[in-house]
Amino acid sequence: MRRRDEKFPENGFEDGGGYMQVKIAKLEAQFSSCAGKEVIRLSNIFNGVSIYVNGFTKPSAEELKELMAQHGGVYHTYQRSNDYIIASNLPDTKVKNMSLSKVVKPEWISDSIAANSLLDYRKYLLYKNSRTQPQLNFNKLTATNIKTDESHIKDEKDNIELNLKYNNSDKQINEMLGANTNVSTTDTKPALNKVNTNDCIAKTAVDPNFISEFYNNSRLHHISQLGAFFKQHVNDLRDASDFSFPARATLKSKILSSGTSLVADTNFDNGKVIIHIDMDCFFVSVGLRKRPELRGKPVAVTHSKGSKPQTKREGVDRNTEFNLYKQKQAKKLGKVTGIKEDEIVFESRVDNVGDEDSEYGSLSEIASCSYEARAKGIKNGMFMGPALKLCPNLQTIPYDFDGYKEVAYTLYNTIAQYTLDIEAVSCDEMYVDCTELLKDLKVSVQDFATALREEIKDKTGCPCSTGFGSNRLQSRLATKRAKPDGQFFLTSDLVEDFMFGITLKDLPGVGRQTSQKLESLGHQTCGSLQTLTLGLLQRHLGNKTGAQLFDQCRGRDPNPLTFHTIRKSVSAEVNYGIRFETNDQCFLFLKQLSAEVHSRMQHFKVLGKCITLKLMVRAEEAPVETAKFMGHGFCNVLNKSTNLTNATNDVEIITKEVISLCKKQKINPKELRGTSCDVKNQIKVEDNTKNPVTPKKKSISLSMNKSPKHGIKSSPVKRRGRPPKSLKNSLTIAKSGMDKFLAGEIQVKEELPVQTVPEIIQDEKPKRADSNPDGLMSLSWEKVRELLRAWLDSGQAPKLCDTRMIATYLSKLVAKKDIDKVYILMNFLKRRTHEIGLDIWIEVYNYVLEDVQNSMIAVYGKKLWINN
DNA sequence: ATCCTCCCCTAC
DNA sequence: TAAGGTAGGGGAGGAT
């Protein structure tokens with residue numbers, strides 16, 4: 001929106017040294033002096049240093065936290081990429097997969113303090129001649145706006161814990177147990193519970209370190225967390241951006257000078273250009289950066305490196321167990337297709353698995369495999385054993401979870417230089433609406449894609465593929481065609497023929513069950529499915545799915561990209577290593593799981609109302625000993641949920657409900673093979689783009705309707721007071737401060753330190769200036785209002801930087817769903833700017849309003865209601 | 001009809 | 001050995 005800026009008179013809007021910034025600096029000075037009452041600042045040795053503590057250390061994590069605060073450093077509860085990792089020892093499994101170049105002994109901290117200066121951390125590396133990984137340097141990013149945005153975002157937030165650590169979990173659990181049960185703590189119980197929490201690798205869920213150990217190694221956990229992280233990253237980038245993209249100019253000149261420019265642009269329907277970007281076999285590509293000699297060979301990422309057959313475990317019966325899986329699948333397919341279940345032919349992942357002690361017996365799963373491996377028939381998710389059978393010279397490489405995150409960062413930030421109309425799908429995949437971007441660049445789609453892919457490959461060392469289309473479905477299918485390392489443009493003239501040949505299984509949302517069902521109806525391709533009527537599809541597949549399929553097989557997709565995501569549920573699940581002897585062990589684990597969910601909820605600042613417990617219980621026919629080591633085996637699955645009257649994030653309530661749900665099931669703890677704890681949301685969102693959101697006095701649940709087209713016209717006006725009972729899934733943004741008065745029905749358990757200064761009425765306690773790269777968000781909104789008032793009264797011409805700052809702040813409030821505050825501040829701003837009556841101040845108001853309304857649309861799908 | 005609850009499916 | 005998580009959409013069937 002550079003144009004927006006240009007319409008302001010130049011003199012009043014030059015950047016830098018704005019009124020607000022000066023004011024904020026003063027405020028921060030005040031804060032740091034009054035913050036001194038809480039943390040006494042002894043030195044600034046650790047200025048610019050941030051640490052993350054991994055495992056048991058001396059001094060303890062708590063102590064290190066305090067030391068960092070006293071000496072000017074930053075302590076992170078969750079690991080961030082710039083952190084020094086403080087550790088005294090690390091489990092082998094962890095060491096294998098992480099970059100060790102910044103793993104430092106705690107003595108570095110204590111010695112530095114003793115010496116009163118920051119000592120060279122390299123002298124304190126835990127692993128001396130550590131094979132330092134060629135880490136990508138985020139600061140190399142060219143776009144300056146990204147650089148600044150990202151650095152502050154990294155400091156300010158990090159909702160996702162990629163490296164889950166439970167510094168407090170033992171303590172918490174012991175406290176909980178001490179309070180109300182007779183389960184002994186680890187040191188009083190012999191045998192099973194006797195675990196050295198520091199250097200023993202957790203084997204089963206009985207071990208207090210198990211969750212952390214497991215999550216550190218779980219690819220699925222990482223995939224999930226990374227996905228959530230980058231969705232949030234896009235949210236954050238958008239919140240912080242002024243939507244000017246200086247890097248576009250560079251890209252444009254690069255494209256023009258490359259001389260390949262095609263003049264004629266390809267035409268897309270409805271003028272939209274959607275690009276889908278997907279890294280090629282992501283985990284493998286990242287891994288190959290360190291193993292270039294394996295390029296061109298069949299490669300798989302897996303935990304198992306091992307070739308040698310293992311000794312048999314007592315009681316394992318692969319045949320019985322695998323047959324149970326196949327029977328169940330056959331039964332399901334029989335039901336779905338109407339074919340007799342014993343006549344159904346289908347391929348299963350338990351096919352071709354060798355005996356436990358055979359060369360091909362490994363049940364380790366392949367997370368990702370190279371195209372050379374795929375050529376041999378190997379697929380992601382396949383067991384290692386059968387894969388080796390297909391390709392005996394399959395090379396394996398280990399996971400590199402840090403690497404995935406780094407590459408993903410680079411990928412996202414590369415795109416974000418040019419546009420923020422991004423919908424994050426996962427860490428290695430996204431949709432981008434390029435309509436506006438391409439208009440601005442005035443280059444062909446082809447040249448743009450070529451340049452973009454080249455830049456991504458240069459920066460990450462990993463190839464990606466892109467597809468273009470006029471909607472998300474088309475672009476996605478185009479990417480599939482483009483792979484590997486290619487690009488494809490599904491122009492509107494191609495769509496019809498292209499769709500005709502697409503396999504139904506390739507449609508997003510059509511998995512094994514659906515495609516089997518469709519096949520039993522006699523259809524394998526989109527072209528063939530097009531002969532079916534909407535009604536028939538709906539009868540067989542349900543209303544929604546049928547309608548979606550009807551559209552999809554014609555290349556239609558009415559769903560727009562969603563740039564801003566809102567989370568609706570939080571859960572934690574472990575279906576591996578669950579082996580309990582007693583109920584107490586089971587409940588203890590559920591407490592840990594609840595604590596995990598609770599801590600995630602805290603990070604997302606959400607409350608939830610509906611708590612679901614999922615249990616996997618060994619099926620009666622299934623062997624007690626599972627085929628896969630520590631796996632869940634063949635199980636029955638149970639889901640039980642409770643609906644609380646009030647949304648909460650109280651760990652004790654969650655724990656209590658979860659355990660009570662579990663108790664009701666009367667499961668023999670020895671038969672338990674998996675557990676999950678899920679807290680769901682209940683914000684309901686109103687459709688209705690016409691009716692603006694007005695802040696509700698009594699309810700913070702904003703009513704919105706999800707289905708955009710089957711328009712439901714519920715007016716927001718009738719939604720005073722408590723929301724209808726019917727609203728389900730309440731996960732509400734945690735409120736505090738003023739909102740407590742507005743949100744009568746929500747209980748918020750404050751987990752703030754007790755010594756809250758009474759003068760500070762508001763929720764957000766000001767942070768210290770040095771940990772506060774972004775001014776306004778760290779202030780209470782009332783402080784912001786004061787600042788705003790002072791600015792308006794200053795008699796000076798408004799500057800662009802101040803205007804932007806306010807706009808950004810308010811947009812962030814929108815994203816945080818602090819609509820009440822936005823409402824007050826916007827009306828305040830409107831009133832005061834209009835009182836002043838100068839055009840330039842009116843422009844300021846309009847500028848801010850535009851940003852706020854854009855955010856409102858992104859978050860709620862409708863505009864904020866403003867007085868008059 | 002419309003809900004609630006449990007369950008299934010899909011995707012990464 | 002092995003690390004089978006997580007969020008979201010939606011359907012079936014009973015309760016209201």
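Treat the numbers as computed from the prediction; the structure is a model and nothing was measured. First the proteins, then the strands, lettered A, B, ... as listed; each starts at 1.
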Counting the atoms with a prime plus P, OP1 and OP2 as sugar-phosphate, which does [X] contact under 4.0 Å by heavy atoms, base, sugar-phosphate, or nothing?
X: Y576(A); value: base
X: G511(A); value: sugar-phosphate
X: E573(A); value: base
X: F282(A); value: nothing
X: D428(A); value: sugar-phosphate

Side-chain N or O of [X] versus OP1/OP2 of [N]: is the shortest distance under 4.0 Å?
X: K614(A); N: dC7(B); answer: no
X: S569(A); N: dT6(C); answer: no
X: K544(A); N: dG10(C); answer: yes
X: K640(A); N: dC7(B); answer: no

Stepwise salt bridge (charged side-chain N to carboxylate O under 4.0 Å, His left out) check, K203(A) with E213(A): CA-CA 9 Å; K203(A) 280 193 69 174; E213(A) 182 75 25; over 6 Å; no
Aromatic ring pairing H222(A)/F401(A), orientation class (parallel under 30°, perpendicular over 60°, tilted between): parallel
Should the ring pair Y404(A) and Y399(A) be called parallel, tilted or perpendicular, given that the plane angle runs from 0 to 90° and is split at 30 and 60?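 If you compare the ring of Y404(A) with that of Y399(A), the planes turn out perpendicular.
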In terms of side-chain geometry, is the basic nitrogen of K326(A) or D351(A) positioned less than 4.0 Å from the acidic oxygen of its partner? yes
